[in-house]
Amino acid sequence: MSNIAKAFQNGKAFIPFITCGDPDLATTAAAVRAMAQNGADLIELGIPFSDPTAEGPVIQAANIRALSGGADTDKIFDLVRELRRDVRVPMVFMTYANVVYSYGAEKFISICREINIDGLILPDIPFEEKEEFSEICRRYDVDLISLIAPTSANRIGMIAKEAEGFIYLVSSLGVTGVRSEITTDLGAIVKVIRENTDIPCAIGFGISTPEQAKQMAAIADGAIVGSAIVRLLEQYGTEAPAHIGAYVCQMKEAVGSVS
Amino acid sequence: MTNPNGRFGIHGGQYIPETLMNAVIELEEAYNHYKNDPAFNRELTALLNEYANRPSRLYYAERMTKNLGGAKIYLKREDLNHTGAHKINNVLGQALLAKKMGKTRLIAETGAGQHGVATATAAALLDMECVVFMGEEDTVRQALNVYRMRLLGAEVVSVKSGTRTLKDAVSEAMREWTNRIADTHYCLGSVMGPHPFPTIVRDFQAVISKEIKAQMLEKEGRLPDAVIACVGGGSNAIGSFYHFINDKDVRLIGCEAAGRGIDTFETAATISTGRLGIFHGMKSYFCQDKHGQIAPVYSISAGLDYPGVGPEHAHLHDTGRAEYVAVTDDEAVNAFEVLSKTEGIIPAIESAHAVAYALKLAPTLDKDKIIVITISGRGDKDCAAIARYRGEDIYE
């Protein structure tokens, strides 16, 4: 069983996201430990990119704070090495294709394996372009996570059949960010996914409250939250980890209550 | 040139979020249907001729030729098109296509404002809604064009993210497209972005080289020895090159913006200083740091101030079929003044980069050689900025 599959063994999964280096790497380390201690099932570590085209204003600002603070790919690898001394929760990287491509995809992915990063989310790599990265990912046993969107329609089956690790189901049109309401018929999409694969499916984009997380967990196998956590970093800076811990605890409790 | 998956050699592709995939597939299918549809082409040709003033003139620049004492110089006058630049060629094609696809709203990015103005114009003409994304810095540099777009009925969104220039306008337009797809067409202004945009924009701009070829055969009875055009994303250049790609004796020369010089950080010369990467939907050359962060580029020209280059240019560079040279701000400003004084033609500062290289090349060639410079746009929009560059305190 892949490490990512284990993340979905403790009831419905709660998956928090954080941009590494926002506002500094020490805060990221403390926040990740707080997430792990408070029930996070899988942690998404964002490697900042100068031009994150799939992100809304909140995570865009986090990327800028992280890059201005001096975070780069090598320092983030070191951060994960350090975290892996005590953090056992499965972790995946979320970044843009150029960060991986520019580093050298094979070198980047081999380091992921070495430091126990279990998967890679590249929002600007759709099904048609994935082979260039997935071929390397398979060799190093790192799952390249597939995304499915509200507009995927006739593409859902094709994507689900080749998906690895888990499926990241995008809840709404548009970029990342907190939304008051999610109107996509996600149940219908999940049904098609289930007809095509057994791997778990987690929903992300727009989720911030325990109530929303519960609703999403009822439809799928887990909920992913980014912007709401990044907002805590924006608000509390280096003091954010304690607040993030409390938030993750509350959210895991909400999704965990769904059977 | 195009492979089925939208590749030009190793460049191109579709590096975009899943949310947009069906939109680009729908666009490709519609384009493949309409590009060979006689009624669509009649309608587009009528718009290009009757509305946009095509064909544009191929003008013999006699004074400039005599002053330089070398090759005979012709100017392809895209500056005489309606709205003052080549951008209208592509926009009329895409807007008409979008309308056939049932879209009612156009969104676009713009740098100097020429593509934004062209899109706002087509939207007004075809009764479509229009939103243009423009970097905040460019809205200041090109304030007049912001007013023109609003006058034409478009909403102009001032983009405050990143470097607040063209690349950020592209990113914001892409974000808006993922947000609203059903009724909206993203009218991309250059030969860049995900497939099928580099092919569609090239095909709509290829009218430039098609006309140059016919006009040159009529005037001189032969093909030119060189075609020179400026390159930001590269749409007027690919349009100027396209019908000559198989004529191996015609040199194709793209002029990138070197800004303050390719040995400085204040440059936008992608092919001279960039390396292979993946950004804005395509694999191509990009100005970037060693960790793949896109570089904040600089040029006096808002239209060339972009950290990437279209994938077909990247391929023409790889194969050696086209040459790419870097032209500094100083050289471009000088050429802006030279063309104004010798021919009474004020070129866009973008086009002045092509003129600047011709000023160097022409004197080295024999008098029986012929070069064509594409004047991609008119320079009225740049007068205040160039005056300031020369130390005169003029504001629009």
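Chain naming here is simple, since letters A, B, ... match the order of the sequence lines and numbering starts at 1 in each.
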- Task: Could you please spell out the steps behind the side-chain contact (heavy atoms from CB on, under 4.5 Å) verdict for A/T53 and B/I16?
- Result: CA-CA 9 Å; A/T53 48; B/I16 49 172; over 6 Å; no
- List the steps and the verdict of side-chain contact (heavy atoms from CB on, under 4.5 Å) for B/I294 and A/N98. CA-CA 9 Å; B/I294 302 303; A/N98 202 48; 3.9 Å; yes
- Message: Pair B/T178, A/L173 - check side-chain contact (heavy atoms from CB on, under 4.5 Å), show working.
- Response: CA-CA 6 Å; B/T178 62; A/L173 290 179; over 6 Å; no
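For B/E176, no part lies near chain A; criterion is any non-hydrogen pair under 4.5 Å. Contact of B/K283 with chain A is made through the side chain alone, with heavy-atom distances under 4.5 Å. Within the 4.5 angstrom heavy-atom criterion, only side-chain atoms of B/I25, from C-beta onward, approach chain A. Both the backbone and the side chain of A/F49 come within contact range of chain B, judged by heavy atoms closer than 4.5 Å. Looking at B/Y15, both its backbone and its side chain come within 4.5 Å of chain A, counting heavy atoms on both sides.
Under the side chain to side chain contact (heavy atoms under 4.5 Å, CB included) test applied with B/H291, the options A/I76, A/D74, A/I47 reduce to a single match, A/D74.
Here the straight-line distance linking atom CG of B/D289 with atom CG of A/L67 works out to 8.5 Å at 0.5 Å rounding. Atoms CD1 and CD1, from B/I278 and A/I125 in turn, are 5.0 Å apart once rounded to the nearest 0.5 Å. To the nearest 0.5 Å, atom CZ of residue B/R275 and atom OG of residue A/S102 are 4.0 Å apart.
Judged by distance alone, the side chain of B/Q293 and the main-chain N or O of A/P48 form a donor-acceptor pair under 3.5 Å. Judged purely by atom type and a 3.5 angstrom limit, B/N22 uses its side chain to pair as donor or acceptor with the backbone of A/T151.
Ion pairing between a basic and an acidic side chain is recognised when a charged N comes within 4.0 Å of a carboxylate O; B/E18 and A/R155 show such pairing. Salt-bridge formation is detected for the pair B/R7/A/E129: a Lys NZ or Arg NE/NH1/NH2 atom is positioned less than 4.0 Å from an Asp or Glu carboxylate oxygen.
In A/R65, the CZ atom is crowded: over 12 heavy atoms of neighbouring residues, nucleotides or ligands sit closer than 6.0 Å.
Taking B/Q288, B/M174, B/H280 one by one and counting their heavy-atom pairs under 4.5 Å with chain A, the maximum is reached by B/Q288.
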